[in-house]
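For reference, the structure discussed in these notes is given below.
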Amino acid sequence: MISIKDIYKIEIIKLIKRKDIWVMMTMIGIPMFYSIGIYTNSSVITYNGDGKEYALKFVIHMFQFVYMVYIFFFLISLSTAKSLAGEIENKSILLYTQRINNRKQIYIHKGLSLISVFSLICILFFITSLAMFYLFAVKRTDIISSTFFKREELFMLICSFLIIYLLYVFMINLSLMLSSFLKQNSVLIITSIVYIVFAYLQNFPYVKYISPSYYVLQISKIEFFNTQGIINLIVPCIILHAVYFIILNMIGIKKFKERDLY
């Protein structure tokens, strides 16, 4: 018999073995390419900052660059859809449901494992970015500082990362919820449409506040030292994602518990 706590371990192992998860790791190539480009003074790489770039600021800027590459949102949706919709389609989900009479826990642990693996990728991204920064970029003393972080800018950088990270978590929860209703390809199409719609809504009054993309855009416009402005942005952003998290999981769990898997 498979215990509930074993589901998380099994899901983690399954995800690590999947090719789409490994393709997600290609985001590490962005700071590698940029750092080497700075070091070699490549004409492809441009730097338009007001002051010198330091380590943590470089890492966050690279993470923001990853955000602008849609393929990584597609890959996280693909991984999520395969984890639930794909297993429902090929009937492999029955290996769980026949041994564990608790679909809610199966759903929850699939979501937790996906978020955990993405978090691990983020950690590896940060480590690689820092390594490449100090191996290559730091050699350009005209535009780069060897400083790790500046205390007065730390809060802004943390919030900038968090807002983008929460958007990826939202995509995981959205894809998982849709997977309890639809087939894998349909999940990918709808998540792509939702992503585009949210990017479009961020430009409209009132409705822009329900778009996670709006907060990513706004954090990039706030001055580093405007602590109150950052708080006024990050608090509603966290509340919005908490509401989405609760609603999406409630709908997804309810549907998954009721769905005919045979």
Side-chain angles (χ1 to χ4, degrees), residues 23-73 75-76 115-171 199 202 212-238 241:
V23 175
M24 275 285 293
M25 292 291 291
T26 58
M27 69 167 63
I28 290 174
I30 292 176
M32 292 176 65
F33 172 78
Y34 200 88
S35 296
I36 294 173
I38 290 176
Y39 175 69
T40 59
N41 199 20
S42 171
S43 59
V44 177
I45 304 298
T46 58
Y47 176 70
N48 300 316
D50 296 327
K52 291 186 177 182
E53 190 93 340
Y54 56 89
L56 189 58
K57 190 175 182 181
F58 172 81
V59 174
I60 299 303
H61 282 168
M62 291 299 98
F63 196 63
Q64 290 171 332
F65 193 95
V66 168
Y67 160 77
M68 293 186 288
V69 182
Y70 169 72
I71 186 63
F72 296 113
F73 283 101
L75 287 170
I76 202 69
I115 293 172
S116 297
V117 168
F118 175 69
S119 299
L120 177 60
I121 292 173
C122 288
I123 292 171
L124 294 175
F125 177 86
F126 269 55
I127 293 172
T128 303
S129 297
L130 286 173
M132 297 305 294
F133 177 86
Y134 282 111
L135 282 172
F136 295 101
V138 77
K139 309 294 184 183
R140 288 285 307 279
T141 55
D142 56 323
I143 59 173
I144 300 294
S145 167
S146 61
T147 303
F148 179 65
F149 75 93
K150 295 181 179 179
R151 183 178 299 178
E152 63 272 19
E153 297 182 3
L154 183 60
F155 182 59
M156 173 64 159
L157 294 175
I158 292 173
C159 290
S160 297
F161 165 76
L162 182 61
I163 285 176
I164 296 174
Y165 175 83
L166 288 175
L167 183 49
Y168 277 101
V169 172
F170 166 79
M171 293 300 288
Q202 70 181 4
S213 302
Y214 164 77
Y215 299 91
V216 179
L217 176 65
Q218 292 304 308
I219 195 74
S220 65
K221 297 179 179 180
I222 297 178
E223 295 292 334
F224 274 92
F225 307 105
N226 186 1
T227 303
Q228 189 58 51
I230 298 170
I231 292 173
N232 291 343
L233 188 70
I234 193 67
V235 171
C237 176
I238 292 173
H241 279 286

Taking the side chain as every heavy atom from C-beta outward, state whether F224 and K57 have any atom pair closer than 4.5 Å. yes
Minimal heavy-atom distance between Q202 and S213, with the atoms involved, is OE1-O, 3.0 Å
Here the pair of heavy atoms bringing S145 nearest to T147 is OG-OG1, 3.0 Å
Heavy-atom nearest pair, I222 first then G229, reads CD1-O, 3.6 Å
Output for pair (L233 CG, N226 CG), nearest 0.5 Å, gives 10.0 Å
To the nearest 0.5 Å, atom CD1 of I71 lies from atom CD1 of I76 at 12.0 Å
When every non-hydrogen atom of I144 is compared with those of A137, the smallest separation belongs to CG1-O, 3.2 Å
Sub-4.5 Å side-chain heavy-atom contact between S160 and F63: no
Between the CG atom in N232 and the OG1 atom in T227, the distance rounded to the nearest 0.5 Å is 10.5 Å
**Study point:** Flag if over 12 foreign heavy atoms under 6.0 Å of CZ, F65
**Key:** no
Rounding to 0.5 Å, atoms OG (S220) and OH (Y215) come to a distance of 14.5 Å
Check: Just wondering, do I115 and Y165 contact through their side chains at under 4.5 Å, heavy atoms?
Finding: yes
Short question: side chain of K52, backbone of T141 - any donor-acceptor pair under 3.5 Å? yes
Discussion item. Less than 4.5 Å apart, side chain to side chain, heavy atoms only: is that true for I231 and F155?
Written reply: yes
message = Is any side-chain heavy atom of F72 closer than 4.5 Å to one of I30?
response = yes
Donor-acceptor list for residues 124-136 side chains, cut-off 3.5 Å, not counting sequence neighbours:
from	atom 1	to	atom 2	distance (Å)
T128	OG1	L124	O	2.8
S129	OG	F125	O	2.8
Y134	OH	S146	O	3.0

Check: Do the side chains of F58 and M62 get nearer than 4.5 Å, heavy atoms only?
Finding: yes
Check: M27 and I121 side chains under 4.5 Å, non-hydrogen atoms = yes
Fill in: Residues I219, I164; criterion side chain to side chain contact (heavy atoms under 4.5 Å, CB included); working and verdict
CA-CA 10 Å; I219 195 74; I164 296 174; over 6 Å; no
Check: Would you say the ring centroid of Y168 lies under 6.0 angstrom from that of Y67?
Finding: no
dist L157:CG -> I230:CD1 (nearest 0.5 Å) comes out at 9.0 Å
field: Whether over 12 other heavy atoms sit under 6.0 Å from E223 CD
entry: no
Rounded to the nearest 0.5 angstrom, the CD-CD1 distance for E153 and I60 is 12.0 Å
ask   = What do you reckon, is CZ of F33 surrounded by more than 12 foreign heavy atoms closer than 6.0 Å?
value = no
